[in-house]
Amino acid sequence: MVITRPSVDQIWVWLDNVPDPEIPVISLVDLGVIRDVAWVNDVLEVTVTPTYSGCPATSIINLDIETALRDHGVKYLKLKRQLSPAWTTEWLSERGRAKLEDYGIAPPRPAGGPERCPQCKSKNVQRVSQFGSTPCKAQWRCSDCLEPFDYFKCI
Amino acid sequence: MSSALFEYLLRLGDNTLILSHRVSEWCGLAPVLEEDIALANTALDLIGQTQMWLGLAGEVEGKGRDADALAFRRDVWGFRNLLLLERPNGDFGKTMMRQFLFDAFNVVNLGYLIKSSDPRIAAIAEKASKEAAYHLERSGDTVIGLGDGTEESHRRMQDALDELWPYVGEMFASDTVDAEMVAAGVAPDPQTLRKEWNEITVRYLTEATLTVPDGTFAHKGGKTGVQHTEHLGHLLTSMQWLQRAYPDASW
Ligand SMILES: [Zn+2]
């Protein structure tokens, strides 16, 4: 029997089609939580890092990765958790950042706050709370269009 | 070494577990919605840190206990958290003052644990320290906002600081477990963390127009497990009842 192993590049493409469970406009690859994909003999090892240590989405992310790869015929799969180096919002892809803003979530910035309102693009914004609806977000408000919006926390 | 390491990891994990439970008691009750969400998220981060510390503790112990078993199947005397963290919440100001005092300690301590000779501890500390820094930013800002706020909020924050102060010293008390960790390069000596902690807290408390108490008396017995207060037992009855009434329940 010939065992065909899909290429690592192909696996990355498949993973790029798995949406983040809480912000489905970006993929797990955009989010930067997939740290490595490698074949060890006939076992595919996918290394995943958590965003926040207590984030309930972490187990869903693992389940979604497993489901997607099994659907593509990957039989032997091992998910490895990697804590170090710790996940940083710098690993969000450029494409992911643009998609976040389109979706109404201001992307993270090292300055510690959003550049502009994702709705009207005004720079006149203020923080409402350091925390938001999920561990990765904070609440901000636009002082021009008066809309509240989520800001992806920078860590 | 491995029994001291187990003990040391319990201290780290029990601190975040018990504080997390206390903070989660605010869920649905906080003064405003934003604070409610912030408290719940803080509790969630602390639970995540607990899973990592107690998970590693169970691994080191090697008796097949995982983080859940350690959290839900130990009795009061098995817990190794600081007495400060089992204190009842009191009002919102007192909850935030306790959070602030611990956040500052957590930030300083994790800063050293990142350099631990045990790579598993270093990796957890690296992850947790980012969250701890974020927590300190919020609790510190809240202490300033309420301390330098109205007459009433100022009074309540000074009362909170005065009440919690005798529980600060335990964070920096060293014993033989700590000595073993220091000798193995695993962890810093708690005594040596006080200076940095003082610098951080005094900076915030001064801006908050609060008076730093000068008392040096310290209640102890939590991190060694020798003497917890009666409050921990009450906390555990609510935190552990489900796993005790229905062992291994899942849904
Ligand atoms: Zn706007």
Side-chain angles (χ1 to χ4, degrees), chain A residues 21-23 32-33 35-36 47-63 79-92 105 108-113 125-141 148-155, chain B residues 13 16-17 19-20 23-24 26 30-56 67 96 99 103 110 113-116 118-142 145:
Chain A
E22 278 171 345
I23 311 170
V33 293
R35 301 316 300 157
D36 193 32
T47 306
V48 187
T49 194
T51 51
Y52 285 81
S53 54
C55 185
T58 306
S59 58
I60 307 295
I61 285 175
N62 287 344
L63 188 68
L79 293 182
K80 289 165 67 177
R81 181 184 74 162
Q82 181 181 299
L83 292 177
S84 176
W87 180 79
T88 155
T89 36
E90 282 167 33
W91 294 347
L92 267 170
I105 300 172
R109 285 199 322 150
V125 292
Q126 61 183 141
R127 190 174 78 189
V128 178
S129 173
Q130 252 169 309
F131 289 86
S133 56
T134 66
C136 61
K137 286 178 263 167
Q139 294 177 72
W140 284 64
R141 169 170 58 209
F149 63 90
D150 279 329
Y151 165 63
F152 204 105
K153 285 167 15 185
C154 184
I155 68 162
Chain B
T16 50
L17 173 63
L19 180 59
S20 169
V23 173
S24 76
W26 277 100
V32 291
L33 181 62
E34 286 77 11
E35 290 307 328
D36 206 292
I37 290 170
L39 286 161
N41 271 293
T42 303
L44 189 62
D45 285 342
L46 292 168
I47 275 289
Q49 295 173 20
T50 304
Q51 283 170 333
M52 298 191 288
W53 291 129
L54 292 186
L56 181 56
M96 292 310 296
Q99 186 73 37
D103 285 343
L110 291 170
L113 290 179
I114 288 176
K115 294 171 263 175
S116 173
D118 187 322
R120 300 169 298 183
I121 290 179
I124 296 172
E126 186 187 338
K127 185 82 203 150
S129 67
K130 289 185 165 207
E131 293 161 3
Y134 201 80
H135 294 170
L136 177 60
E137 200 183 312
R138 169 170 173 274
S139 61
D141 283 354
T142 309

query = If you draw a 6.0 Å radius around CZ in A/Arg81, do more than 12 non-hydrogen atoms from other residues or ligands fall strictly inside?
reply = no
request  = Look at atom CD of A/Glu90 and say whether more than 12 heavy atoms of other residues, nucleotides or ligands are closer to it than 6.0 Å.
outcome  = no
ask   = Once you round to the nearest 0.5 Å, how far does CD of A/Gln130 lie from OG1 of B/Thr42?
value = 8.5 Å
query = Using non-hydrogen atoms only, which part of B/Leu39 is less than 4.5 Å away from chain A: side chain, backbone, both, or neither?
reply = neither
task = Look only at the side chain of A/Tyr52 and the backbone of B/Glu131, and say whether a donor-acceptor pair between them is shorter than 3.5 Å.
result = no
query = Do you know which of A/Val128, A/Thr88, A/Thr58, A/Leu83 has the most heavy-atom pairs under 4.5 Å to chain B?
reply = A/Leu83
task = Enumerate by number any residue of residues 30-37 of chain B whose heavy atoms lie under 4.5 Å from heavy atoms of chain A; in the absence of such residues, state 'none'.
result = B/Glu34, B/Ile37
Residue B/Lys127 versus chain A: region with a heavy atom under 4.5 Å = both
query = Which pair of heavy atoms, one from B/Leu44 and one from A/Pro56, lies closest together, and at what distance?
reply = CD2-CD, 3.8 Å
query = Can you say whether B/Gln49 sits under 4.5 Å from chain A via the side chain, the backbone, both, or neither, judging by heavy atoms?
reply = both
query = Counting a contact as any heavy-atom pair under 4.5 Å apart, which residues of residues 148-155 of chain A contact chain B?
reply = A/Lys153, A/Ile155
remark   = Heavy atoms of B/Arg138 and A/Phe131 approach each other most closely as CD-CE1, 3.4 Å
key: When B/Leu46, B/Thr50, B/Asp45 are compared by non-hydrogen pairs under 4.5 Å with chain A, the top option   = B/Asp45
request  = Would you mind telling me which of A/Thr134, A/Thr49, A/Thr51 has the largest number of heavy-atom pairs within less than 4.5 Å of chain B?
outcome  = A/Thr51
key: Part of B/Glu126 within contact of chain A (heavy atom distance under 4.5 Å)   = both
